[in-house]
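See below for the structure under consideration.
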Amino acid sequence: MDLLNIENLHARVDNPDGQEILKGLNLTIKKGEIHAIMGPNGTGKSTLTKILAGSDEYEITQGSVNYNGEDLLEKEAHERANEGIFLAFQYPVEIPGIATSTFLRHALNAKLRHNEKEEIDNLEFIKLLRQKAKTLKISDEMLKRPVNVGFSGGEKKRMETLQMSILDPHLGLLDETDSGLDIDALRTVAEGVNYIHSKEKGFLIITHYQRLLDYIKPDFVHIMVGGKIIKTGDYKLAIELEEKGYQAYGV
Amino acid sequence: MPATEETIEQVNKLGKEKYKYGFVSDIESETFPIGLDEDVVRRISAKKQEPEWMLEHRLKAFKLWKEMEEPEWLKPIYEKVNYQDLAYYSSPVQKEKPKSLDEVDPKLLEVYEKLGIPLREQEILAGVEGAKPIAIDAVFDSVSVGTTYKETLKEAGVIFCPISEAIKDYPDLVKKYFSSVVPISDNFFSALNSAVFTDGSFVYIPEGVDCPMELSTYFRINAENTGQFERTLIIADKGSYVSYLEGCTAPQRDENQLHAAVVELVALEDAEIKYSTVQNWYSGDEEGKGGVYNFVTKRGDCRGNNSKISWTQVETGSAVTWKYPSCILRGDNSTGEFYSVAITNNHQQADTGTKMIHIGKNTNSRIVSKGISAGFSDQTYRGLVKIQKSASGARNHTQCDSLLIGNECGAHTVPYIENKSTSSVLEHEATTSKIADEQMFYCTTRGMDEEEAVGLLVNGFCKEVMQELPMEFAVEAQKLIGISLEGSVG
């Protein structure tokens, strides 16, 4: 079954002289699939993930997005999150004064409430958080620190992965989660993604490097240029790109 | 269920509705006709069965007040109060004074329950292992009707009672300290208060005593058109410590209600007073109609060496606020602290801050002010740090941060610094910021709606102040921040 279905999506920056960034993008992700999108800078990859997550920086001018058979574009950002979409940010945002654990408890409870379930008991939550943090090699001390404040690049990305594993999404959007990571951190993050992945879930991974795909095996690799997908292949396409660069695709 | 849990649950319930304290409880009250003259002052004193010296004091204050002009230098613009259009005394009718809470009018207790902090719960609290009991001197309109834990406190030698009682039972203490921190002539509102105050709290902590529990008063304005003139006096004798909590809510009304309280704190040698306030009076509707005028004079006197006074306040209510909890650092090595969160939304106006007057040697003061403006509201931080020549080695650190939500609100910072000592060190930091779109987006992609996100971001912004609040208050205050910013986004 289709988890996500994007048809002929056009979008531009939402201001009077905003330029068009997505120019007729098509993409279908079925349950259980991992898709990777590669492409040169400024081609709209990050924009695509932000639009899917519900950013109001962009205006959709044409096309449609269906998620689990429903019109995704009708929903607010927090509704999308509570219905299972998670965006791991390329540049996670700092929130001074709010402990990471508090922030995550709010997030999880928002999701539980949305799905008409009981909020999680505080002690139970701490137990869950510690257990998940341990798998991602995140210390208890870090959970007490304010969200992303003073975290290194690698710590921020691991924290994004932790958030994802707590919120347990159906569709994970990873926006260059691998950039700025050393090889150990990369492996930890990748293990985190593999740990969450199941045949019910889908992932869309934006990356510049094939090396992440050594750890997370994608079912499809897409090349995105000029606001749309111009070529789709399997894992071999990523290797080919690494060797030849984007020149072969007219960039 | 442990009482603290119950409190949290009650407070949670509060968070789910808009201002739900807008009810008028139907208790028979005996109210003076409107208007103010010498006769009214005399009648209040008679009602309270006061000794002659207190009546004299009131009459002196009334005479001074008549000569005074209402201050005009405030930033807020509001319709002036017609002082002849208010009733100056309102009391729930009671045949005899209740001996315990069981004898208190159940309707009154119901009101507190609606507020989420039932008096009864405080008794339960006492039985809970490890939980520090809180004593409440409940002020309903103008007369204290239920006073708990008097006995426990008595054992420690602590006096905690309505000030009307203290005037009769502890005249020497009252005579010595009353109006000694805020003189009658201090300002227009303090003079008015001194003439017509009806009740309030009195606390005396004897030498060397660490007060065994947090003392707490929940104020409530109830009868229509009644000015509230609370009077509080707290004295911490040598080497003693007390933490005092003041929390306020008011029923919803269309007409503006005046509140002009006076709070005086005296800390003698090596003593410490921590005074915390959560203020959530009715702030008017979304168009700015109605709401409480909060014109309060709060001042602490670090009279002895090595004494300390801390003010912590979370201000979310009132239509117009005029309030500067201050410290006079008279004793050598004394310390004054002011931690404040002020939130204004819709058409609220606040002019608030503090004054730190350094007189003694090596005196130290710290000011942390966090102002959040939303909607069409306007907020001014007004602070004075005054270092007198005698205050060698004095230090002050001021941090003043403003956060704006939306494009129609205002934040102003007016710090006055007067330094006459060459050996003092003063630091002032100020920032103004807006909630970043990226922060909002980040929170919403984690499933929080905009209101929850704003509440969380603002709580983060205020953290340095919030962590100064006693635990019992912190949860309530965090919720209040969320409630008071409802409708400020989207």
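No hydrogens, no waters, no symmetry mates; every other heavy atom, side chains included, goes into these values. Quick caveat, the model's predicted, so the values are computed rather than measured. In the text below, chain A, chain B and the rest are named by the order of the sequence lines, each starting its count at 1.
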- Item | Those residues of residues 98-127 of chain A, ordered by number, that approach chain B below 4.5 Å (heavy atom to heavy atom) | A:I98, A:F103, A:H106, A:A107, A:A110, A:R113
- Message: Around atom CD of A:E7, are there more than 12 heavy atoms from other residues, nucleotides or ligands closer than 6.0 Å?
- Response: no
- Give a yes or no on this: more than 12 heavy atoms of other residues, nucleotides or ligands lie within 6.0 Å of atom NE2 of B:H412. yes
- Item | Among the listed options B:K463, B:E464, B:R446, the residue most often paired with chain A at heavy-atom distances under 4.5 Å | B:R446
- Item | B:D437 CG: over 12 foreign heavy atoms closer than 6.0 Å | no
- Note on the structure: By side chain to side chain contact (heavy atoms under 4.5 Å, CB included), B:D449 pairs with (sequence neighbours left out) A:H78, B:E451, B:E452
- Query: Which bit of A:P92 comes within less than 4.5 Å of chain B, counting heavy atoms only: side chain, backbone, both or neither?
  - Reply: both
- If you count the non-hydrogen atoms of other residues, nucleotides and ligands that lie under 6.0 Å from CZ in A:R145, is the total more than 12? yes
- Query: What option among A:I95, A:D56, A:I85, A:V147 has the most heavy-atom pairs under 4.5 Å with chain B?
  - Reply: A:I95
- Message: For B:S365, give me all partners under side-chain hydrogen bond (donor to acceptor under 3.5 Å, both in side chains), at least two apart in sequence or on another chain.
- Response: B:H358, B:N396
- Task: Flag the pair B:T444 / A:E76 as yes when at least one side-chain heavy-atom distance between them is below 4.5 Å, and no otherwise.
- Result: no
- Note on the structure: Smallest heavy-atom separation, B:F441 atom then A:A53 atom, equals CZ-CB, 4.0 Å
- Count the heavy atoms of every other residue, nucleotide or ligand shown that sit under 6.0 Å from CD of A:Q19, and state whether that count exceeds 12. no
- Message: Would you compute the distance between atom CZ of A:F89 and atom CD of B:E438 and round it to the nearest 0.5 angstrom?
- Response: 9.5 Å
- Task: Using non-hydrogen atoms and a 4.5 Å limit, figure out which bit of A:L167 sits close to chain B: side chain, backbone, both or neither.
- Result: side chain
- Message: List the residues meeting side-chain hydrogen bond (donor to acceptor under 3.5 Å, both in side chains) with B:Y442, not counting sequence neighbours, and say none if there are none.
- Response: A:N148, A:E160, A:Q163
